[in-house]
4 protein chains.
Amino acid sequence: MREDDVKPDEAAAAPRLVRKRDSAGTRARILNVATREFANKGFEGAKTDDIADRARINKRMIYHYFSSKEQLYLAVLEAVYDQARSAEHRLDLERLEPLDALARFVEFTFDSFVRDRTFINLLATENRQRAKVLKKSDRVNTMNSPIIAAIDGILKAGVDKGTIRPGLDALQLWITITGVCYFFFSNIYTLSVIFDTDFEKPDVISERRAHVVDFVLRGVKA
Amino acid sequence: MREDDVKPDEAAAAPRLVRKRDSAGTRARILNVATREFANKGFEGAKTDDIADRARINKRMIYHYFSSKEQLYLAVLEAVYDQARSAEHRLDLERLEPLDALARFVEFTFDSFVRDRTFINLLATENRQRAKVLKKSDRVNTMNSPIIAAIDGILKAGVDKGTIRPGLDALQLWITITGVCYFFFSNIYTLSVIFDTDFEKPDVISERRAHVVDFVLRGVKA
Amino acid sequence: MREDDVKPDEAAAAPRLVRKRDSAGTRARILNVATREFANKGFEGAKTDDIADRARINKRMIYHYFSSKEQLYLAVLEAVYDQARSAEHRLDLERLEPLDALARFVEFTFDSFVRDRTFINLLATENRQRAKVLKKSDRVNTMNSPIIAAIDGILKAGVDKGTIRPGLDALQLWITITGVCYFFFSNIYTLSVIFDTDFEKPDVISERRAHVVDFVLRGVKA
Amino acid sequence: MREDDVKPDEAAAAPRLVRKRDSAGTRARILNVATREFANKGFEGAKTDDIADRARINKRMIYHYFSSKEQLYLAVLEAVYDQARSAEHRLDLERLEPLDALARFVEFTFDSFVRDRTFINLLATENRQRAKVLKKSDRVNTMNSPIIAAIDGILKAGVDKGTIRPGLDALQLWITITGVCYFFFSNIYTLSVIFDTDFEKPDVISERRAHVVDFVLRGVKA
DNA sequence: AATGAATGAGGATTCATTCAT
DNA sequence: AATGAATGAATCCTCATTCAT
């Protein structure tokens, strides 16, 4: 039972002979490759040998920079949460009309999964092991508060303007929006089998996108 | 990195010396234990040794009845889909008013995850490996059509009666409902860390349940 | 590293439902299949499961009739030696002119390997394990004396008639004749690779046959 | 059914604690031990665990240096063919009179099997599996051409000088010479049982040797 | 900083054989 | 006579990690 092998990494492959004692580069290359490996194969399925091979570094370097497979995996999780948060940060929702801001957030969330399911895969792995590793992070928690605060602001503004119904909780809404986007992608392979359809086709995806935006706005409007 | 071990299986433990040559029983016991193992540890993380120990059978029997770890895992997937489908079947939504029927379906979906996250865990594993194994099943696909047909019937009835807005697609709605319930549970561990809250507490869960039912009905009403 | 699988046995396949409690038939079928299995895969490579499957009998029957894998293997060896001896017996060399008799024996030996390499394969296996099993037979030894006696008679007659040179030992000659035929077939696969030729082609075989007969007669003539 | 165990390897035993990180040495030791194991037990009968134990290396090293049991076995085959070829090379037959050269080649072939039956045993195994592994070698084929060319030269010279009869084919003669020596050793255990004699006794062996040389020369002389 | 060699504890799977009917 | 269930000891191979340089 072997996963489809990830292709050799072009970005990583390049500076083979040139590079010598490039601390930051080596570390970054390990992290990049490890992110893909853990996302594609899960924690147990990812092999340190493969990561070393694909990163074109000596296996010993993994331990030099990250101490253990688990620590490397945690570094991957933290990096990926960082990226997600800073992408949200760049959204700049405050300047939009409340309903437009929500629509944009839904689209942003949905599209982020269209581009890349790395985050979803890592979270699947981490939840299967009950967040055992993520719990050990001292950087990750409260990382998501800004987006909840932003949504809270939008809701309040919308209620004030009469465009959004009162009584909505920002955290619940965030979970709902994320979930309604997330599930389609997190389960896209089994859904494709069960419904005997290829859910990855662009038109299926854009149909889904339209439904999600419409549905969320419906549920939120005054 | 070892998962918290599943507790020894009481059901399985009982008839140690009494049982002899109980074909159906042995098979069933393997399947039960394997379901929990694969759900708790994923495909790679589950160990045939552990399954054999916990099922209190000789390891060789796994191969006698299921040929390989992968086939055993597929049998688990099929069994679990079967159960899900027959639970849906018992719902008997047709007799209710359209909006009530939808509410009941949402509650049923949500509650099924409250009781048992086995299905969620297995799907997480299976999606991480791109449904590689599920694809090989010749029993699973189209298994879910009945529920889509049922929802379609509800939507049509609701539109006729003027209680449900027109233009909704049954499959999209099913994905939305399932997703809005599913994500909360599939990601409950990482969410708990990120938001520094215990999302498993009963009052958090029932708050979430109320929100979901309310939100779906809002999105559906005429 | 899996051997080319032997095809399902038509002879054995037939009387599936008809046969019931056919002691001699069951035993014979096991022996037939086992002969092929041991010849094709060696002692270690032959699997009792496969033998049972191909003989279409319950695995337990092997133990019923033959006690163990090793005993079954010994029965195969004995049967195969029996057949070889009785084929030699039918040769009836005494009535021919000494040189013709030798020529005929060479051809017979050579042709017996063309038809069937079962014997060669079994002997290869048995010699690799230093005749450990054959030693345990109380039927096999001295089985080959008749042919040596026959050759001895031929040599003496030929010397008397002046057609065969004196000083030849019957046993040495038997080994030489057998060896000169045997080696070509026992090593036909590696020879084919080493010399990059297909030694199994009919014309290659008949060229070899002519050489062998010619060479032996040359070595023997007065 | 366990083969007589090979005695612990003195050569390998020595530098237990001293040796550290000796790449070439480790590889060579594995290859040596594996050669004996495969020769004594065949491919299926040889156990990687035993090889590791006897080579006094960690089992993992076998896979480090040779990737798999089959690759290790192929390396053994190639090494053994290499040795055979270079021994032939050292023979330097060209300087001798044609008949003496052939006599010497026969004696050399015979004696090589007296010293060591490793090669015979490995070929027995490999032929039983139809040269499946040897076929995969890209180094082995055409390895034996030099000796055929040498014999061809001898035959031509002998014919020219009138000491060797015309019409002999070098390849056929090589097969005949090899076979006439080989069979006695490849089947020495079963022959000993069948003829109830110990064919390994020195005087039996030298009697055989004299016969073979005499017989080949007879078959070749003008 | 970087490397290749080395390790020990598993991991899935196979196998000849025996048990209970 | 015949069967399917059950067993325990191997067997090849893998993996995260450490050693020596």
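Here is the naming used below: chain letters follow the sequence lines, and residue numbers restart at 1 for every chain.
F/dT11 atom P lies 13 Å from atom CD1 of D/I62, rounded to whole Å. In this structure, CZ of B/R27 is placed 16 Å from C1' of F/dA6, rounded to the nearest angstrom. One atom, NZ of B/K47, and another, P of F/dC15, lie 10 Å apart when rounded to the nearest Å. Atoms CZ (A/R56) and P (E/dT3) sit 12 Å apart, rounded to a whole Å. Taking atom CD1 of residue B/I51 and atom C1' of nucleotide E/dA12, one finds them 11 Å apart after rounding to whole Å. Separating the CG atom of D/D49 from the P atom of E/dG10 is a distance of 15 Å, rounded to the nearest angstrom. Distance OH (C/Y65) to C1' (E/dT18): 18 Å, rounded to an integer number of Å. Across the protein-nucleic acid pair, B/E44 atom CD and E/dG11 atom P stand 12 Å apart, rounded to whole Å.
Backbone-only engagement by D/A46 is indicated by non-hydrogen atom pairs under 4.0 Å involving sugar-phosphate atoms exclusively. Using a 4.0 Å heavy-atom cutoff across all strands shown, D/F66 reaches no nucleic acid atom at all.
In terms of heavy atoms, B/I30 sits closest to B/Y65 at CD1-CD1, 4.1 Å. Taking all atoms of both residues into account, the shortest heavy-atom contact from A/Y73 to A/L122 is OH-O, 4.0 Å.
Taking CD1 of B/I62 as the reference point, atom OG of B/S67 lies at 11.5 Å (rounded to 0.5 Å).
The phosphate of F/dA2 (OP1 or OP2) has a side-chain N or O of C/T26 nearer than 4.0 angstrom. Phosphate contact (OP1/OP2 of F/dC15, side-chain N/O of A/T48, threshold under 4.0 Å): absent. Regarding contacts with the backbone of E/dC19, every side-chain N or O of C/Y63 stays at 4.0 angstrom or more from both OP1 and OP2.
The nucleotide F/dC19 finds its pairing partner in E/dG4, both defining distances of the Watson-Crick or G-U wobble pair being shorter than 3.5 Å.
Side-chain atoms of A/S68 lie closest to F/dT17 of the nucleotides F/dC13, E/dA1, F/dT17.
Ranked by how close their nearest DNA chain E nucleotide is to the 5' end, D/H64 and B/R60 are led by D/H64. Residue D/M61 is the one, among C/K59 and D/M61, whose nearest nucleotide of DNA chain E lies closer to the 5' end (criterion: closest heavy atom).
A donor-acceptor pair under 3.5 Å is absent between the side-chain atoms of A/R130 and the main chain of B/Y189, judged by distance alone.
Between D/K132 and D/E126 there is no salt bridge, since no side-chain N of the basic residue sits under 4.0 Å from a carboxylate O of the acidic one.
A donor and an acceptor atom sit less than 3.5 Å apart, one in the side chain of B/N58 and one in the base of F/dG8.
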